[in-house]
Amino acid sequence: MKITLITSLVVVIVIVVGLGFIGNYFYNLALNPKAERPFLKNNPDLSRAMPTMKLEDQEVQEGKLAKIWIETAPHNQVTLTSYDGLKLQGYEYMQERSTDRWVVVAHGYSGYGKQMAQSTKKFFDQGYNVLLVDLRGHGESEGDYIGMGWHDRFDMMGWINQIVEKDPQSQIMLYGVSMGGATVMMTSGENLPGNVKVIVEDCGYTSAYDEFAYQLNRLFKLPPFPIMTASNLVAEYRAGYDMKEASALEQVKKSKTPMLFIHGDQDTFVPYEMVHELYQAASVDKDLLIVEGAGHGGAHLAGAVYWNKIWDFTNKYMK
């Protein structure tokens with residue numbers, strides 16, 4: 001009897017230690033901003049356009065020019081102290097002629113603000129003041145974990161409040177792609193000031209848990225249990241949030257802000273089906289753009305189809 005109890009205890013300890021090791025490994029792979037991510041290199045799921053997609057040559061050329069413009073155009077470096085004491089970095093591209101129209105632009109997973117050069121220039125050319133941000137743990141912003149949009153939603157509210165303090169009459173759009181799309185959706189469920197008029201999300205996920213469970217199967221052919229359970233416990237301890245709680249789906253249900261949802265129908269990194277769940281969950285004024293042949297983050301390569309849809313939708317709410 002005693003031997004059986006000792007054996008059982010040893011087995012339990014081995015299992016707990018093993019799951020702790022596995023959970024920590026996958027946490028570092030997914031949420032440690034300093035870790036290498038080999039799964040992002042040469043990943044076919046990150047192809048922005050499929051062979052069937054009709055690319056707009058002008059859009060491709062504008063993308064090249066925008067990379068130069070983002071560095072050379074006059075802009076201000078601005079900072080924000082987050083609710084938990086991090087120094088966050090932003091970049092303001094201000095119109096010479098005064099305007100109250102603003103857009104806050106959020107980038108994707110493992111990226112940084114100035115990677116959003118093309119969309120920043122598009123908004124600027126439309127007469128917007130643009131605030132481009134490095135999300136926590138990315139670019140020049142502090143942070144020892146990736147928030148997946150969840151804690152970032154409070155950071156976005158801080159940036160919004162900073163704009164409103166500077167320009168009380170501001171009309172603000174939120175725009176994000178991939179994790180940035182999830183970030184603006186998660187922000188949408190908070191008590192936002194009336195200055196926030198409209199939100200555009202492009203290829204965001206339903207929740208951090210759903211996205212990582214999908215990638216676990218996609219990359220490693222592994223089921224969610226027990227790895228996601230172990231990883232989530234580590235995330236709660238090291239990052240302070242539950243990946244199931246980090247839900248854009250639940251946040252858009254609470255949103256009061258008009259929202260445009262965009263996704264490529266060939267997206268296999270953030271699966272295309274997620275956009276329909278998100279769109280159905282929203283009870284606000286909303287619209288949906290599906291771009292045929294677009295992979296992850298590639299919907300904008302459709303050019304006028306993409307941008308005209310954004311202008312048509314957002315201009316209804318931005319004076």
| field | Between Lys64 and Gln61: side-chain donor-acceptor atoms closer than 3.5 Å | value | no
| Strictly under 6.0 Å, is that where the ring centroids of His151 and Tyr145 end up? | yes
| said: Looking at Lys254, I'd like to know if its NZ atom is crowded, meaning that more than 12 non-hydrogen atoms belonging to other residues, nucleotides or ligands lie closer than 6.0 Å. | reply: yes
| task | Check whether the side chains of Tyr27 and Asn232 place a donor and an acceptor atom closer than 3.5 Å, and report yes or no. | result | no
| message | Can you see whether Asp152 engages Thr183 through a side-chain donor-acceptor pair at a distance of less than 3.5 angstrom? | response | no
| query | Cut-off 3.5 Å, side chains only: do Trp307 and Glu59 have a donor facing an acceptor? | reply | yes
| task | Measure across Val291 and Ala299 and return the closest heavy-atom pair with its distance rounded to 0.1 Å. | result | CG2-CB, 3.7 Å
| task | Please find out if less than 6.0 Å separates the ring center of Phe212 from that of Tyr205. | result | no
| Enclosure of Asn191 CG (heavy-atom neighbours >12, cutoff 6.0 Å) | no
| Test item: His107 side-chain N/O and Leu135 main-chain N/O as donor-acceptor pair under 3.5 Å | yes
| Checking Arg238 side chain against Glu236 main chain: does a donor-acceptor pair fall under 3.5 Å? | no
| task | For residues Ser188 and Met185, report the shortest heavy-atom separation together with the two atoms involved. | result | OG-O, 2.5 Å
| task | Would you confirm whether Asp267, through its side chain, and Val270, through its main-chain N or O, come within 3.5 Å as a donor-acceptor pair? | result | yes
| Charged N to carboxylate O under 4.0 angstrom, Lys319 versus Asp100? | no
| Under a 4.0 Å N-O cut-off, is there an ion pair linking Arg136 with Asp84? | yes
| request: Search all heavy atoms of Pro33 against all heavy atoms of Gly143 and return the closest pair with its distance. | output: CG-O, 3.7 Å
| said: Treating His300 as the side-chain partner and Gly298 as the backbone partner, does any N or O pair qualify as donor plus acceptor under 3.5 Å? | reply: no
| query | Measuring from Leu80:CG to Met157:CE, what's the distance to the nearest 0.5 Å? | reply | 12.0 Å
| request: Locate the shortest heavy-atom distance separating Leu132 from Gly113; write the atom from each residue and the value. | output: CD1-O, 3.2 Å
| task | Give, for atom CG of Asn76 and atom OH of Tyr93, the distance between the pair rounded to the nearest 0.5 Å. | result | 10.0 Å
| task | For the pair Gln251 (side chain) and Met186 (backbone), establish whether a donor and an acceptor sit closer than 3.5 Å, ignoring hydrogens and angles. | result | yes
| task | Taking Asp134 for its side chain and Gln89 for its backbone only, find out whether a donor-acceptor pair lies under 3.5 Å. | result | no
| request: Give a yes or no answer on whether the side chain of Thr99 reaches the backbone of Arg101 with a donor-acceptor pair at less than 3.5 Å. | output: yes
| Residues Phe220, Phe26; criterion ring-ring contact (aromatic ring centres under 6.0 Å, His included); working and verdict | CA-CA 11 Å; Phe220 303 100; Phe26 280 102; 5.4 Å; yes
| So, Tyr272 side chain and Ile290 main chain: donor-acceptor pair closer than 3.5 Å or not? | no
| query | Below 4.0 angstrom, N of the basic side chain to O of the carboxylate: do Glu140 and Lys87 qualify? | reply | no
| query | Are any of the side-chain heavy atoms of Trp159 and Leu131 separated by less than 4.5 Å? | reply | yes
| field | Min side-chain heavy-atom separation Val200-Ile262 under 4.5 Å | value | yes
| request: State, to 0.1 Å, how close Ala35 and Asn28 come at their nearest heavy-atom pair, and which atoms those are. | output: CB-O, 3.2 Å
| task | Would you check if Tyr91 and Gln77 make a side-chain contact, meaning some heavy-atom pair closer than 4.5 Å? | result | yes
| said: Side chains of Asn43 and Arg218 only: does a donor on one sit below 3.5 Å from an acceptor on the other? | reply: no
| query | Under 3.5 Å, side chain of Asp202 to main-chain N/O of Gly181, donor-acceptor pair present? | reply | no
| request: Please tell me if the side chains of Phe124 and Gln95 come closer than 4.5 Å, counting only heavy atoms from C-beta onward. | output: yes
| Would you find a donor on one side and an acceptor on the other, under 3.5 Å apart, between the side chain of His138 and the backbone of Ile146? | no
| Stepwise side chain to side chain contact (heavy atoms under 4.5 Å, CB included) test for Val133 and Val105 | CA-CA 6 Å; Val133 299; Val105 177; over 6 Å; no
| task | Compare all side-chain heavy atoms of Cys203 with those of Val177 and state whether any distance is below 4.5 angstrom. | result | yes
| said: Is it the case that the side chains of Ser170 and Asp167 hold a donor-acceptor pair, with the cut-off being a distance below 3.5 Å and no angle test? | reply: no
| request: Determine whether Met243 and Met148 make a side-chain contact, defined as any pair of heavy atoms from C-beta on separated by less than 4.5 Å. | output: no
| Does NZ or CZ of Lys197 fall inside the cone over Tyr317's six-membered ring, less than 6.0 Å from its centre and within 45° of the axis? | no
| request: Step through the shown structure and confirm whether more than 12 heavy atoms of other residues, nucleotides or ligands are within 6.0 Å of NZ on Lys67. | output: no
| message | I'd like to know if Glu62 and Lys121 make a salt bridge, using a cut-off of under 4.0 Å between side-chain N and carboxylate O. | response | no
| field | Atom of Lys309, atom of Asp287 and distance for their closest heavy-atom approach | value | NZ-OD2, 2.8 Å
| field | Minimum side-chain heavy-atom gap Gln171-Asn195 below 4.5 Å | value | no
| query | Do Phe123 and Trp102 have their ring centres less than 6.0 Å from each other? | reply | no
| task | Take Glu292 and Thr52 through the test side chain to side chain contact (heavy atoms under 4.5 Å, CB included) and record every step on the way to the result. | result | CA-CA 8 Å; Glu292 294 184 6; Thr52 56; over 6 Å; no
| message | Tell me whether Glu190 is salt-bridged to Arg153, with the criterion being a basic N under 4.0 Å from an acidic carboxylate O. | response | yes
| Side-chain heavy-atom pair Tyr209, Ser207 within 4.5 angstrom cut-off | yes
| So is Lys286 actually on top of Tyr279's ring, under 6.0 Å and inside 45° of the axis? | yes
| said: Is there a side chain to side chain contact (heavy atoms under 4.5 Å, CB included) between Gln126 and Val103? Walk through the geometry before answering. | reply: CA-CA 11 Å; Gln126 280 290 119; Val103 59; over 6 Å; no
